[in-house]
Amino acid sequence: MMVRFGLAAALLVSLAGSSAMAQTAGTPIGTWLTQAGDAKIKISKCGAALCGKIVWLRNEIDPQTGRPAIDDKNPIPALVGRPVKGITIFNDMRPSAPGKWSGQIYNADDGKTYISSLLMAGPGVLRVEGCVGAICGGETWSFAGK
């Protein structure tokens, strides 16, 4: 099962978002809907950094198995059977510029971790960017609430 919530295929693409009235001003803290609309990521403060966890999947059940989708491409054997819903896809995004956080993001679509950044692109709009070697791309998530 493919869960497109991050850096799959051409890595990331663009989209614009919704209202952010409840959002903490100037930070991505809150819940975000991915570009494809197939996952929600809850971003919260974790010490001096930000972390993001998958809290909702449009297709939580894998149609091939009838069970919750699992992280079957993870290179760490002990993590291979864990459900995709609940995975922390980033846990050490640190401030790198005003309105920007940098670190790494995990992509369950391919089991890889990428250099990444989060950038507040406007009210209710979060730009998630990443690079694989010299190839970089991005996706814009829309604010989905607290």
Side-chain angles (χ1 to χ4, degrees), residues 1-96 99-132 137-146:
M1 171 181 173
M2 295 290 279
V3 178
R4 292 186 180 101
F5 59 82
L7 304 163
L11 198 54
L12 298 164
V13 256
S14 294
L15 175 76
S18 65
S19 171
M21 292 188 135
Q23 180 185 0
T24 305
T27 75
I29 293 172
T31 303
W32 296 86
L33 181 65
T34 61
Q35 173 189 318
D38 58 359
K40 290 182 182 177
I41 312 302
K42 183 172 184 171
I43 299 176
S44 55
K45 197 160 175 63
C46 298
L50 297 176
C51 51
K53 181 179 191 175
I54 301 170
V55 295
W56 175 85
L57 295 170
R58 181 183 332 148
N59 299 314
E60 185 175 336
I61 302 300
D62 182 338
Q64 294 178 352
T65 66
R67 295 192 165 120
I70 60 168
D71 187 19
D72 59 354
K73 295 180 181 63
N74 197 303
I76 302 169
L79 300 178
V80 168
R82 68 184 175 164
V84 172
K85 182 179 174 186
I87 289 176
T88 299
I89 60 170
F90 54 85
N91 61 9
D92 197 26
M93 288 291 201
R94 297 191 175 271
S96 58
K100 183 176 182 179
W101 294 260
S102 298
Q104 297 182 331
I105 190 167
Y106 174 71
N107 179 12
D109 286 340
D110 63 11
K112 295 182 181 176
T113 300
Y114 299 94
I115 294 170
S116 182
S117 64
L118 306 175
L119 177 65
M120 291 303 303
V125 181
L126 179 66
R127 180 83 177 155
V128 180
E129 297 180 336
C131 296
V132 177
E139 171 176 317
T140 304
W141 294 353
S142 57
F143 190 68
K146 282 261 177 192

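These numbers were taken from a predicted model, which means no experiment stands behind them.
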- Of all heavy-atom pairs between Leu126 and Leu118, which one has the smallest distance, and what is that distance? CD1-CB, 4.0 Å
- Message: Is the shortest side-chain heavy-atom distance between Asp71 and Tyr106 below 4.5 Å?
- Response: yes
- Task: For residues Val55 and Lys85, report the shortest heavy-atom separation together with the two atoms involved.
- Result: O-CE, 3.2 Å
- Between CD1 on residue Ile41 and NZ on residue Lys53, distance to nearest 0.5 Å: 11.5 Å
- Query: Out of curiosity, Arg58 CZ to Lys40 NZ, how far, rounded to the nearest 0.5 Å?
  - Reply: 11.0 Å
- Message: What I want to find out is whether Asp110 reaches Lys73 closely enough, with some N-O distance under 4.0 Å, to be called a salt bridge.
- Response: no
- Under 3.5 Å, is there a donor-acceptor pair between the side chain of Gln35 and the main chain of Glu139? no
- Query: What distance do Trp101 atom CH2 and Ser96 atom OG have between them, rounded to the nearest 0.5 Å?
  - Reply: 8.5 Å
- Message: Thr88: which residues meet the side chain to side chain donor-acceptor pair (under 3.5 Å) condition with it, sequence neighbours left out?
- Response: none
- If you measure from CH2 on Trp56 to OG1 on Thr34, what distance do you get to the nearest 0.5 Å? 7.5 Å
- Out of curiosity, Cys131 SG to Ile105 CD1, how far, rounded to the nearest 0.5 Å? 12.0 Å
- Query: Hey, what do you get for OG (Ser117) to CZ (Arg127), rounding to the nearest 0.5 Å?
  - Reply: 9.0 Å
- Message: When you compare the side chain of Lys45 with that of Thr27, does any pair of heavy atoms fall below 4.5 Å?
- Response: no
- Query: Between Ser116 and Glu129, is there a donor-acceptor pair closer than 3.5 Å when you use the side chain of the first and the backbone of the second?
  - Reply: yes
- Task: Taking the side chain as every heavy atom from C-beta outward, state whether Lys112 and Asn107 have any atom pair closer than 4.5 Å.
- Result: no
- Quick one: does Val84's side chain get under 4.5 Å of Ile54's, heavy atoms only? yes
- For Asn91, side chain to side chain donor-acceptor pair (under 3.5 Å) partners two or more places apart: none
- Stepwise side-chain contact (heavy atoms from CB on, under 4.5 Å) test for Ile43 and Met93: CA-CA 10 Å; Ile43 299 176; Met93 288 291 201; over 6 Å; no
- Query: Below 4.5 Å, heavy atoms only, C-beta onward: do Asp62 and Pro68 meet side chain to side chain?
  - Reply: no
